[in-house]
Amino acid sequence: MKFDPDSAKKLIAHTYKRQPLALVEGEGVKVEDDEGKEYLDFVGGIAVCALGHSHPNVAKAICGQSKKLAHVSNLYHIPPQVELAGKLAEITPKGIEKFFFCNSGAEAVESAFKLAVKHTGRGKIVAFEGSFHGRTAATVGATWNKSYREPFEALIPPIFEFAPFGDLKGVKDTVDEDTAAIIVEPIQGEGGVNVPSDDFLPRLREICDENNALLIADEVQAGMGRTGKWFACENWEVEPDIITMAKALGNGFPIGCMGAKSEVMDSFSPGDHASTFGGNPLACTVGKTVIETMEDEKLLQRAAKVGEYFKEKLEDLASKHDACIEARGLGLMLALELREEDVAKSVLSRAREEGFLINRTAGSVLRFVPPLIIKQEHIDELINTLDKILEEVS
Ligand SMILES: *Cc1c(COP(=O)(O)O)cnc(C)c1O
């Protein structure tokens, strides 16, 4: 049935600028709107649907577990939670051994802040220019974009300081004996898919050690295989003290998780933190299935290989068209930065008309975070279309 946009206008909070589009079905890398038009999905629910849409393993996990036991609360032991934690202990960077489960990225980051403050007894957290860590009061406080932060200043704890992303001297000047933690996205997502230079993350690790501060890797977007490693910080062999994940962990089923070194996580005592839904049997069964399916389908290797191909093609577009500044990214977390925001906007709508969903972030940056099952032929289709559109707009 055709969707009526006026009903959304009447009933839904106006917190999003939405594309004029209602998607009602999806399979693999394709989604379909309410009029039966098909799209190739290079957004993947914003880096969420790594296995593609309607993956049979995920559907089976949801149906099977929901008929067995969906929720009981953390008043009891939850076997699927322990199974998922065991799986995560295998794939997270060395040292990350204990896990707290919640329902979203922001909630995972928020729990990381609480843990860092409790563990160190300190009152300052250093974040980066260009960062995005969520929309709750604390996580938006660590988020760089002023327009997200300023209307809510009254709610935001005064514990955040920003350092320039990639500038080690700036970081050293910001970190002091009151710094509980540095929080960093190993590759900034929302900020425009910014990849740091090779010494940045290893030196952050050293700066944290020198100051007895914790290093929090926010892997909500870059983690879960997207860059060709389970977690993006592994590309620089950096071992954080705390790691946060969410987006692709449930392939669309809401789940978030904060992992930490045992000696850090053990600073939490019963009552320090909680979440009613967090880690329920249903979410954890889905999370475990997602990881196992990624292993079975060798999606890390795919993300690295297909991502490299995709990036080369984007680089070709960048050098061919004056409207572009550069292509960048790692694995299947890629971007094409254009010179002008208005041009980026019209490329995005033209692509949609041609049957391709892409995303725009940080003004003029086209972001590509497709399902990790995307094939070379899908990439070729998109690149040909973008080539044509960029020709038109310049
Ligand atoms: C999306 C995102 C978040 C917030 O996740 P939500 O599930 O929207 O709360 C936090 N950190 C990073 C790096 C993200 O990309």
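We count ligands from 1, going down the list as the structure has it; atoms in each ligand are counted the same way.
- When hydrogens are left out, the protein atom nearest atom 11 (N) of ligand 1 is Asp218 OD2, 2.7 Å; that is the closest non-hydrogen contact.
- For Phe101 and Phe277, the ring centers sit 6.0 Å or farther from each other.
- Counting only heavy atoms from C-beta outward, the side chains of Met333 and Arg367 never approach each other to under 4.5 Å.
- Counting heavy atoms closer than 4.0 Å to ligand 1, residue Glu185 contributes side-chain atoms (C-beta onward) but none from N, CA, C or O.
- With hydrogens left out, the protein atom closest to atom 6 (P) of ligand 1 is Gly105 N, 3.5 Å, a heavy atom.
- Between Phe132 and Trp144, the ring center distance fails the sub-6.0 Å criterion.
- Looking only at protein heavy atoms, the nearest one to atom 9 (O) of ligand 1 is Ala106 N, 2.7 Å.
- Side chain of His378 to backbone of Lys375: a donor-acceptor contact under 3.5 angstrom is found.
- Taking the six-membered ring where the residue is Trp, Phe100 and His273 present tilted rings, their angle falling between 30° and 60°.
- For Phe356 and Tyr39, the ring centers are positioned 6.0 Å apart or more.
- Side-chain contact annotation: His133 with Thr139, donor-acceptor N/O pair under 3.5 Å absent.
- Shortest contact from atom 1 (C) of ligand 1 to any protein heavy atom: Lys247 NZ, 1.5 Å.
- Of all atoms in ligand 1, listed by their number and element, those nearer than 4.0 Å to a heavy atom of Gln221 are 15 (O).
- The shell of residues lying under 4.0 angstrom from ligand 1, judged by heavy atoms, excludes Glu190.
- Here Arg135 has no heavy atoms under 4.0 Å from ligand 1, in either its backbone or its side chain.
- Close approach of ligand 1 to Ser104 (heavy-atom distance below 4.0 Å) involves ligand atoms 7 (O), 9 (O).
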